[in-house]
Amino acid sequence: MRTVSRLAGIPPTIFATMSALAVRTGSVNLGQGFPDVDGPAEVIARAGAALSEGHNQYAPGAGLPVLREAIARHQQRHYGLSPDPDTEVAVTTGCTEAIAAALLGLVEPGDEIVVLEPYYDSYVAMIQMAGGVRRPVTLHAPDFRLDPAALRAAITPGTRFLLLNTPHNPTGTVLTRAELEDVARLAIEHDLIVITDEVYEHLTFGVPHVPLATLPGMWERTLTLSSLGKSYSLTGWKIGWATGPADLVGALVSAKQWLTYTSGAPLQPAAAYALDEAGGFPAELAADLAARRDLLCEGLAALGLAVNHPEGSYFAITDIGSLGWADGHEFALALPERAGVVAIPTQGFYDSDAGRHLVRWTFCKQPAVLEEALARLGKADLRKH
Ligand code: GLN
């Protein structure tokens, strides 16, 4: 059989597969990370108004100035960074497009990209489509911290990029300033460009999020990516952005023009309004999520599952070995029938075998939904036989 796809060997995204399985089996969906309550009503009303007020034609390629300026103010307010909204900020169709455009715009075939494992599945697909070579560095269970020696060992003379993610999906690890200083030292020593996915930047639980770009010597080599979806419970809007030095942002915009050309115009003034006028929402959401993390993690632990203590994101990870299972995929496929619940096996987010026994659960659902899932799990026989 001939191989015709640049995606050869890469399975379809597991999130869509597992959401479809949840619908088909009537399961509680703790798989794909999307909230079941929409973000601020006044932000949504702004989007409606933008539609009827005539923001319905192409936006500029890098995004409407009103949103680029609001993103620059957001970076200033939270992190003391002052990107130029004209050259150092670009709007994308969600962070997933930002990742795609960054890799397609910057990577030369054969470039090595060091990436934390487990990784968000789109990283693998996009590195492969860009012709890059991934070099994973494993965050090991149970606490999933970054080992600087492993990071150093993954860097070779062919390495040009680090692709970072903090707060980290799927482990909930939030890299500390000290860990990021190790990353920065290595990036400077080896003259690497860092692409950093920080979509959960506001969703941390009692620990600070430190953008790598704020560390000395890092602004000029870091392309920081984020989005509105996670911070404002508006994942379907697909509004993302990149900030960084003009040459990196410019390379991303050059690739983006051949992907989506421009991003949805009516949502951009509303996204600007969210950042400027509803800035309190993400912190309230984070406080809410911290309580829901506790509800889910305590419930899973009570069922006999070893569970981590995520410091950020939407997700918790369990080790299903305690229930006699060795293969997360097998467990996740049995779960709808056994319990009427869907979760995500993590082994597809690894090159190594380090995640074979791990399963991801989202807690970004209403407490009653989490309780229902736990009640179903409590009634089910979850042991391997
Ligand atoms: N980021 C979300 C998750 O990890 C959704 C990803 C997706 O569906 N592409 O669940």
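In each ligand, atom 1 is the first atom listed, and ligand 1 is the first ligand listed. These figures come from a predicted structure and were not determined experimentally.
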Members sharing V133's hydrophobic cluster, built from side-chain contacts under 4.5 Å between Ile, Leu, Val, Met, Phe, Trp and Tyr, are none
Tracing side-chain contacts under 4.5 Å among Ile, Leu, Val, Met, Phe, Trp and Tyr outward from F34 reaches none
Residue pairs passing the ring-ring contact (aromatic ring centres under 6.0 Å, His included) test with at least one member in residues 124-164, sequence neighbours excluded, are none
Per-pair distances, ligand 1 N/O vs protein N/O, less than 3.5 Å:
{"residue": "ligand 1", "atom": "4 (O)", "partner": "N169", "partner atom": "ND2", "Å": "2.9"}
{"residue": "ligand 1", "atom": "4 (O)", "partner": "R360", "partner atom": "NH1", "Å": "2.9"}
{"residue": "ligand 1", "atom": "8 (O)", "partner": "Q32", "partner atom": "NE2", "Å": "2.7"}
{"residue": "ligand 1", "atom": "9 (N)", "partner": "Y120", "partner atom": "OH", "Å": "3.1"}
{"residue": "ligand 1", "atom": "10 (O)", "partner": "G33", "partner atom": "N", "Å": "2.7"}
{"residue": "ligand 1", "atom": "10 (O)", "partner": "R360", "partner atom": "NH2", "Å": "2.7"}

- prompt: In terms of ring plane angle, is the pair F281 and Y232 parallel, tilted or perpendicular, where the classes change at 30° and 60°?
  reply: parallel
Checklist entry - Regarding R360 and the six-membered ring of F315, is the cationic atom NZ or CZ under 6.0 Å from the ring centre and inside 45° of its axis? => result yes
Decide whether a cation-pi geometry holds between R46 and Y273; the criteria are a distance under 6.0 Å from NZ or CZ to the six-membered ring centre and an angle within 45° of the ring axis.
yes
